[in-house]
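Notes follow once the structure below has been shown.
In this chain, numbering begins with 1 at the start of the sequence shown. All values below were derived from every heavy atom in this structure, side-chain atoms included, with hydrogens, water molecules and symmetry-related copies excluded.
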Amino acid sequence: MSSCSPKTKEVFQNLKAADLQEYPDPNATELKNAIANRFGISPEMITPSSGTDELIDTLPRLLLSKGDRAVIIRPTFFRFGEATSREGGEIIKVDTNLENHFRFDESTARQVIEQSRQPKTDIVWLCNPNNPTGQIISSELLKWVISEAKAFVIVDEVFSGLLDPTSTNKTLELAKTHQNVLFLRSLSKVDGLSAIRIGWGIGHPKTIELIEKWRLPFNTSTLAQKIAIAALEDTQHTADVRNLIINERQFLEQQISLIPGLELISGSQANIFLLRHKQKDLFQQLFQRGILVADFRQADGLEDMGFVRITVQDNNKNLKLLKALQRI
Ligand SMILES: Cc1ncc(COP(=O)(O)O)c(C=O)c1O
């Protein structure tokens with residue numbers, strides 16, 4: 001569904017052997033400029049990474065010592081906890097709840113701020129929109145947390161591709177005034193380029209200066225940089241894909257709501273959402289019908305609730321999923 005820009009294929013086809021011989025630009029200047037142009041920020045606010053995965057791994061190494069605390073809102077992307085534990089960090093859990101469709105509300109924000117003010121708390125992990133729920137954090141609550149937290153706030157926005165770029169770009173403005181925040185973005189999701197491993201962090205120039213000191217000089221390859229630049233410049237393609245996926249998500253959610261027995265976590269603003277069956281094991285039921293979905297039955301914060309995560313695909317695949325769901 002998230003097919004990459006045709007402009008990226010042109011780059012690939014026009015590659016010459018000589019392009020493969022030189023080391024990449026260690027400052028990734030052209031890549032930073034392309035990111036800066038796309039998001040209306042300055043290149044000094046950007047640190048490129050080998051997928052956001054690299055930053056998720058590096059940041060706890062920079063920020064945490066053994067026994068330090070990191071706040072995680074559950075359920076969320078498992079890598080935050082994994083990267084924290086690897087550094088010997090203590091995970092502080094703030095739970096969202098099923099009755100509220102796992103929304104990040106005012107009470108969640110208040111708990112996060114309170115926890116961030118406890119001694120030895122160095123990181124707050126946020127995911128916006130959240131994986132696996134697709135729920136967003138409103139710009140007001142995000143601003144509140146970043147302004148009031150006494151810890152470094154990492155805002156993973158890898159799934160922000162379906163949101164209105166005008167409003168998400170406005171949120172990035174917070175990095176101009178706050179040094180305790182880093183926004184993570186990536187070409188892996190809506191832009192359909194997970195294979196080239198291009199992500200980046202957006203932060204205050206002083207924050208970026210520190211992170212850049214720890215970045216490997218060649219963490220993004222020449223080839224990946226060239227492809228990424230072509231994708232970043234093709235804003236029309238991203239807009240087209242965004243509209244297609246939003247339409248498909250609405251279609252899928254509306255059709256699912258007509259099928260008895262299914263319960264969908266509504267409100268997703270991403271290309272993913274949680275789904276379960278009220279009586280049956282949905283993962284097994286779909287598996288038996290030849291459809292493999294992401295298994296969240298024992299995910300942290302969702303234990304024994306029976307959820308699977310659905311990813312919105314192209315119309316053919318969505319129809320295949322719907323057919324299987326109707327037969328359960
Ligand atoms: C919430 C979230 N953040 C980060 C990543 C890592 O993405 P990348 O390909 O940019 O490393 C993923 C991958 O699935 C993800 O779901």
Side-chain angles (χ1 to χ4, degrees), residues 1-3 72-82 91 93-105 108 125 127-137 156 158-163 188-190 192 194 241-242 244-328:
M1 179 72 186
S2 306
S3 63
I72 287 175
I73 290 87
R74 300 192 311 163
T76 196
F77 187 41
F78 74 101
R79 289 274 293 125
F80 305 156
E82 199 179 75
I91 297 169
K93 299 166 184 171
V94 170
D95 285 348
T96 55
N97 58 63
L98 176 59
E99 298 70 43
N100 196 18
H101 284 221
F102 304 108
R103 288 194 176 88
F104 187 106
D105 59 14
T108 321
W125 293 97
C127 197
N128 188 34
N130 189 28
N131 177 6
T133 61
Q135 300 291 6
I136 56 162
I137 306 173
D156 181 327
V158 163
F159 278 97
S160 62
L162 297 193
L163 304 178
S188 293
K189 303 297 175 191
V190 171
S194 54
V241 174
R242 179 185 307 125
L244 265 175
I245 303 181
I246 291 175
N247 284 341
E248 282 300 323
R249 183 186 65 212
Q250 284 166 351
F251 166 73
L252 203 49
E253 287 186 341
Q254 195 258 340
Q255 292 296 311
I256 286 175
S257 71
L258 303 175
I259 304 174
L262 291 177
E263 188 184 359
L264 182 148
I265 295 302
S266 66
S268 169
Q269 301 290 308
N271 60 336
I272 48 174
F273 55 85
L274 288 174
L275 185 68
R276 67 176 176 177
H277 195 283
K278 285 176 193 150
Q279 288 93 33
K280 298 179 184 170
D281 182 335
L282 185 56
F283 180 84
Q284 276 300 335
Q285 293 288 328
L286 286 171
F287 189 71
Q288 282 159 15
R289 288 163 179 80
I291 292 189
L292 187 62
V293 286
D295 180 3
F296 276 72
R297 289 172 298 176
Q298 295 306 330
D300 193 25
L302 292 172
E303 292 88 350
D304 301 321
M305 294 187 196
F307 282 110
V308 302
R309 192 193 62 199
I310 302 291
T311 301
V312 180
Q313 314 248 23
D314 62 33
N315 193 252
N316 270 343
K317 288 189 183 141
N318 292 338
L319 287 173
K320 201 171 153 210
L321 170 69
L322 283 170
K323 213 178 240 177
L325 289 170
Q326 278 150 357
R327 289 189 179 144
I328 291 172

Non-hydrogen side-chain atoms of Leu262 and Ile259 separated by less than 4.5 Å: yes
Approximate separation, where rounding is to 0.5 Å, of Leu252 CG and Lys317 NZ: 13.5 Å
Nearest-0.5 Å distance that lies between atom CG in Leu275 and atom CZ in Phe307: 8.0 Å
Donor on one side chain, acceptor on other, Asn97 and Arg103, under 3.5 Å: no
Under 3.5 Å side-chain donor-acceptor pair for Asn128 and Asp156: no
Asp281, Ile291, Leu292 screened by side-chain contact (heavy atoms from CB on, under 4.5 Å) with Leu286, the one that passes: Ile291
Leu162 side chain reached by Arg249 side chain, heavy atoms, under 4.5 Å: yes
Reported CG-to-CG distance for the pair Leu322 and Asn315, which is rounded to 0.5 angstrom: 9.0 Å
Heavy-atom pair with the smallest gap, counting every atom of Asn100 and Asp105: ND2-OD2, 2.9 Å
Side chain to side chain contact (heavy atoms under 4.5 Å, CB included) between Phe273 and Ser266, worked out: CA-CA 8 Å; Phe273 55 85; Ser266 66; over 6 Å; no
Min side-chain heavy-atom separation Pro129-Ser268 under 4.5 Å: no
side-chain hydrogen bond (donor to acceptor under 3.5 Å, both in side chains) partners of residues 250-263, not counting sequence neighbours, each pair once: Glu263-Arg276
Side chain proximity check, Phe77 to Ile72, heavy atoms < 4.5 angstrom: no
Nearest heavy atoms of Ile265 and His101, plus distance in Å: CG2-O, 3.6 Å
Spacing of Ile91 atom CD1 and Arg74 atom CZ [to the nearest 0.5 Å]: 9.5 Å
Working for side chain to side chain contact (heavy atoms under 4.5 Å, CB included), residues Asn316 and Gln313: CA-CA 8 Å; Asn316 270 343; Gln313 314 248 23; over 6 Å; no
Pair Glu248-Asn318, side-chain donor/acceptor within less than 3.5 Å: yes
Under the side-chain contact (heavy atoms from CB on, under 4.5 Å) test, residues paired with Thr96 that sit two or more places apart: Ile73, Pro75, Phe102, Thr108
Phe287 and Phe283 aromatic ring geometry - parallel, tilted or perpendicular at 30°/60° bounds: parallel
Spacing of Leu302 atom CG and Arg309 atom CZ [to the nearest 0.5 Å]: 11.5 Å
Sub-4.5 Å side-chain heavy-atom contact between Phe159 and Ile136: no
Side-chain heavy-atom pair Phe104, Thr133 within 4.5 angstrom cut-off: no
Asp295 bridged to Arg297 by N-O distance under 4.0 Å: yes
Approximate separation, where rounding is to 0.5 Å, of Asp95 CG and Lys93 NZ: 8.0 Å
Test side chain to side chain contact (heavy atoms under 4.5 Å, CB included) applied to Ile272 and Ile310, step by step: CA-CA 5 Å; Ile272 48 174; Ile310 302 291; over 6 Å; no
Residues that Lys323 engages under side-chain contact (heavy atoms from CB on, under 4.5 Å), provided they are two or more places apart: Arg327
